[in-house]
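One structure is given here, and the rest of the page talks about it.
Residue numbers start from 1 in every chain, and the chains themselves are labelled A, B, ... in the order their sequence lines are given, proteins ahead of strands.
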Amino acid sequence: MSEVRVRFAPSPTGALHVGSARTALFNWLFARNQGGKFVLRIEDTDLARSTQESVEGILEGMRWLGLDWDEGPGADAGEYGPYFQSQRLELYQKYIDLLLEQDKAYLCYCTADELDAMRKEQMAKGEAPKYNRKCACLSADDREKFAAEGRTAVVRFRSTDEGRTKVADLIRGDVYFDNEVLDDFVIRKSDGMPTYNFAVVIDDALMRITHVIRGEDHLSNTPRQIQVYEALGFAAPEFAHIPMILGPDKTKLSKRHGATSVTQYREDGFLPEAIMNYLALLGWSYNATQNIFSRDELVEKFSLAKCTKNPAVFDIKKLEWMNGVYLRELSAAELTQRAVPLLIAAGLIDKAEAEAQEERIKTIMAALQTRLHSLVDVVDSSRYFFTDDFTYDEKAVKKFLGRPYAVKLFGLLLTGLEAVESWSQESIEAVFKSVQQELDEKLGNVIQPVRVAVTGGTVSPGMYEVLELLDKELSLKRLRKGLEMAQQQAKQE
RNA sequence: GCCCCCAUCGUCUAGUGGCCUAGGACAUCGCCCUCUCACGGCGAAGACAGGGGUUCGACUCCCCUUGGGGGUACCA
């Protein structure tokens, strides 16, 4: 039994899209599960739209997700390279020449305008648009004449009208296409580049790909490709067409649905393990109950047989929930390690402070952890720990600092806390409890005004914990400010 | 237009003829925990697109309709 070889073959015309990432993931999972090889090939035959920047973005996205490739750009496994289609032109030409020699392909001199007109006419007559084979039987003289006119030729594959082509799909079963509906498609463009449907066959064959796992949008192209395999005497690989990923409106996921690039999700604070887990569940499931899978578990449990056929709507809410799950699974040290760069970037701390306060930051992160939906949330939710430069929620100030007992509350609290010798949650709590008794208010009524004074808002970790982390000096400073604000509110009454 | 694929709660899905009074997860709602918000716990509501067959028996098999998606390029 030969080794499993799969590939991910993006065209570098933009960022790594989540749909592409999911395709890459399924290929990677299958390869790792089967102990096979995962090949990365860049399909850059569209000169006008391919960019180096996109190539780099895609590679970076793959690395970030942890989808390592055994062969491809940057991996020194040159056995079946090069791995950029633009560097494989002579290979394609060799097979095009072969087809031409055997009369399995022919030169076509029709112009774009002529083809347009032809299609319009066919549509008008209610026929399926299909190349009319005008150039299918050109003589050498005809060709010379066209060339003399300055026309450039494309190469077309000579397809048959007889019979049907079977695509044996591992996910969908046998799918049949009448050969009659396939036309003589172009395999070499006038700029000399091969078309997708041709290059993909040559590369998959030469790279010994055993399983082609790709999006369902390629299913309809597969019979054309199979015909090329047959014409060249290549054995066709196994095919597995996985369902599309759709936006909330059930149309193909695109930019207008929000973030679609892996890089964007990274910037928005999503963890790669969460994205991987979520993407794995789009079109695949293991059983009725399990949702959370580690990378190793995914590798161990993945199978094509458990892939679904129906398209899946991308649900950002579930991704956010899952991201929270992974965020909570992080140890305080891991969370801190990932968060510190963001805190530095936001200007809340500098590098030296990050090192000096490592333990404190770790504790702060642990306190914030269950409240995070995304990694970037750490900046906003921890701001008041690092700077006085935060905004007070106006409504909250009015509501809680305007309470009739507020001035008295801050006065008592300040007196009590100033006297505290060893600053700890326990000693802070003791003061709060005695003030609560004195005021005869519910604990919540005591704490909420303090929370507003200390954090600027109504949401934070436990109050005693926050005060302890703030340290005595800073806590008292914020409480004095709270007292002032309470007095101001009282005046305005 | 033609060809192909798909069809279970709002969403992702389990389900391979009787185990289904259709299970889980996200989202929603309620309760509990509680100093707020989260987390966590408990609970509620919520689906087999429609119509024909086949069968003793259909969510499961077949056909049609409807709906959605994809392809039909010198894009990939």
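Comparing the same atom, C1', in B/rU8 and in B/rA49 gives a spacing of 10 Å after rounding to whole Å. Rounded to whole Å, the P atom of B/rC6 lies 15 Å from the corresponding atom of B/rU60. Using P as the reference atom, B/rU21 and B/rU16 are 14 Å apart when rounded to the nearest Å. For the P atom pair drawn from B/rU11 and B/rU28, the interatomic distance equals 16 Å after rounding to whole Å. Separating the P atom of B/rA25 from that of B/rG43 is a span of 11 Å, rounded to the nearest Å. If you take atom C1' in B/rA76 and the same atom in B/rC61, they sit 38 Å apart, rounded to whole Å. Rounded to a whole angstrom, the distance from the P atom of B/rC59 to that of B/rG51 is 12 Å. When the P atom is compared between B/rA38 and B/rC29, the two are found 11 Å apart, to the nearest whole Å.
Sparse packing is recorded around OH of A/Y286, with 12 or fewer heavy atoms of other residues, nucleotides or ligands lying under 6.0 Å away. Shown here is A/E114, whose CD atom has more than 12 heavy atoms of other residues, nucleotides or ligands within 6.0 Å.
Pairing for B/rA58 is absent, with no Watson-Crick or G-U wobble pair whose two atom distances lie under 3.5 Å. Checking B/rA44 for Watson-Crick or G-U wobble geometry (two distances, each under 3.5 Å) identifies B/rU28 as its partner. Base pairing of B/rC19: no nucleotide in any strand meets the Watson-Crick or G-U wobble criterion (both distances under 3.5 Å). With both pairing distances under 3.5 Å, B/rC2 is matched to B/rG71 as a Watson-Crick or G-U wobble pair. Both distances falling under 3.5 Å, in either a Watson-Crick or a G-U wobble arrangement, occur for no nucleotide opposite B/rU34. Base pairing annotation: B/rC39 forms no Watson-Crick or G-U wobble pair, as no partner gives both donor-acceptor distances under 3.5 Å.
Listed by chain and number, the residues in a side-chain contact (heavy atoms from CB on, under 4.5 Å) with A/K252 are A/D217 (sequence neighbours excluded). For A/R371, the salt bridge (charged side-chain N to carboxylate O under 4.0 Å, His left out) test picks out no residue, with sequence neighbours left out. With sequence neighbours excluded, no residue forms a side chain to side chain donor-acceptor pair (under 3.5 Å) with A/S374.
Backbone-only engagement by A/D46 is indicated by non-hydrogen atom pairs under 4.0 Å involving sugar-phosphate atoms exclusively. Within the 4.0 angstrom heavy-atom criterion, no nucleotide atom of any strand lies near A/R41. Residue A/P311 is in sugar-phosphate contact alone, with no base atom involved, counting any heavy-atom pair closer than 4.0 Å across all strands shown. Looking at heavy-atom distances under 4.0 Å, A/T308 makes contact with sugar-phosphate atoms alone, never a base. Within 4.0 Å of A/C110, counting heavy atoms only, lies at least one base atom of the nucleic acid. Residue contacts shown for A/Y176 are limited to sugar-phosphate atoms, with no base heavy atom under 4.0 Å away. Residue contacts shown for A/G457 are absent, as no nucleic acid heavy atom lies under 4.0 Å away. Residue contacts shown for A/K252 are limited to sugar-phosphate atoms, with no base heavy atom under 4.0 Å away. A/R214 comes within contact range of no nucleotide atom at all, as no heavy-atom separation falls under 4.0 Å.
With RNA chain B read from its 5' end, the first of the two nearest nucleotides for A/V325 and A/R172 is the one closest to A/R172. Between A/Y196 and A/K130, it is A/K130 whose nearest contact on RNA chain B lies nearer the 5' terminus.
A salt bridge between A/K94 and A/D97 is absent, with no side-chain N of the basic residue lying under 4.0 Å from a carboxylate O of the acidic one. A salt bridge is defined here as a Lys NZ or Arg NE, NH1 or NH2 lying under 4.0 Å from an Asp or Glu carboxylate O, and A/D161 with A/K130 meets this definition.
Screening residues 183-206 of chain A for salt bridge (charged side-chain N to carboxylate O under 4.0 Å, His left out), with sequence neighbours left out, gives A/R7-A/D204, A/R41-A/D203, A/R41-A/D204, A/R88-A/D203, A/R133-A/D184. Identified under the salt bridge (charged side-chain N to carboxylate O under 4.0 Å, His left out) test for residues 428-438 of chain A, with sequence neighbours left out: A/E429-A/K433. Within the structure, every pair that satisfies the salt bridge (charged side-chain N to carboxylate O under 4.0 Å, His left out) test and touches residues 167-181 of chain A, not counting sequence neighbours, is listed here: A/K166-A/D174, A/R172-A/E216. Listed by first and then second residue, the side-chain hydrogen bond (donor to acceptor under 3.5 Å, both in side chains) pairs involving residues 442-452 of chain A are A/R403-A/N445, A/E441-A/N445, A/Q448-A/R451, A/R451-A/S460 (not counting sequence neighbours).
Using modelled atom types, no side-chain atom of A/S285 and backbone atom of A/N287 make a donor-acceptor pair closer than 3.5 Å. At least one donor-acceptor pair under 3.5 Å links the side chain of A/T195 to the backbone N or O of A/V186.
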Please write out each protein N/O paired with an N/O of nucleotides 29-39 of chain B under 3.5 Å, distance rounded to 0.1 Å.
from: B/rC35; atom 1: O2; to: A/R451; atom 2: NH1; distance (Å): 3.3
from: B/rC35; atom 1: O2; to: A/R451; atom 2: NH2; distance (Å): 2.9
from: B/rC35; atom 1: N3; to: A/M463; atom 2: N; distance (Å): 3.1
from: B/rU36; atom 1: O4'; to: A/Q448; atom 2: OE1; distance (Å): 3.3
from: B/rU36; atom 1: O2'; to: A/T458; atom 2: O; distance (Å): 2.9
from: B/rU36; atom 1: N1; to: A/R451; atom 2: NH1; distance (Å): 3.3
from: B/rU36; atom 1: O2; to: A/T458; atom 2: O; distance (Å): 3.2
from: B/rU36; atom 1: O2; to: A/S460; atom 2: N; distance (Å): 2.9
from: B/rU36; atom 1: O2; to: A/S460; atom 2: O; distance (Å): 3.3
from: B/rU36; atom 1: N3; to: A/R451; atom 2: NH2; distance (Å): 3.2
from: B/rU36; atom 1: N3; to: A/S460; atom 2: O; distance (Å): 2.5
from: B/rU36; atom 1: O4; to: A/S460; atom 2: O; distance (Å): 3.4
from: B/rU36; atom 1: O4; to: A/G462; atom 2: N; distance (Å): 3.4
from: B/rC37; atom 1: O2; to: A/R371; atom 2: NH1; distance (Å): 2.6
from: B/rC37; atom 1: N3; to: A/R371; atom 2: NH1; distance (Å): 2.4
from: B/rA38; atom 1: O2'; to: A/T370; atom 2: O; distance (Å): 2.1
from: B/rA38; atom 1: N3; to: A/T370; atom 2: OG1; distance (Å): 2.9

List every contact pair, protein side and nucleotides 44-46 of chain B side both N or O, where the distance is under 3.5 Å.
none

Listed pairs, N/O of protein and of nucleotides 7-11 of chain B, under 3.5 Å:
from: B/rU11; atom 1: OP1; to: A/K250; atom 2: NZ; distance (Å): 3.1

Below 3.5 Å is the cut-off: list the nitrogen or oxygen pairs between protein and nucleotides 18-20 of chain B, distance only.
none

Could you go over nucleotides 61-66 of chain B and give all protein N or O partners under 3.5 Å, atom names and distances?
none

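The aromatic rings of A/H241 and A/F239 lie parallel to each other, their planes meeting at an angle below 30°, with 60° marking the opposite boundary. A tilted orientation is assigned to the rings of A/H218 and A/Y196, their planes being inclined by 30° to 60°. Taking the six-membered ring for Trp and thresholds of 30 and 60 degrees, A/F198 and A/Y92 have ring planes more than 60 degrees apart, a perpendicular arrangement.
Among the nucleotides B/rC6, B/rA76, B/rG70, the one closest to the side chain of A/S220 is B/rG70. Considering only the side chain of A/V181, B/rC2 comes nearest among B/rU72, B/rC4, B/rC2.
In this structure, A/R22 is positioned above the aromatic face of A/F26, its NZ or CZ under 6.0 Å from the six-membered ring centre and within 45° of the axis. With a 6.0 Å cutoff to the six-membered ring centre and a 45° limit on the axis angle, A/R383 does not count as a cation-pi contact of A/F390.
One finds no side-chain N or O of A/R49 lying less than 4.0 angstrom from the OP1 or OP2 phosphate oxygen of B/rC74.
Between A/Y405 and A/P449, the closest heavy-atom pair is OH-CG, 4.2 Å.
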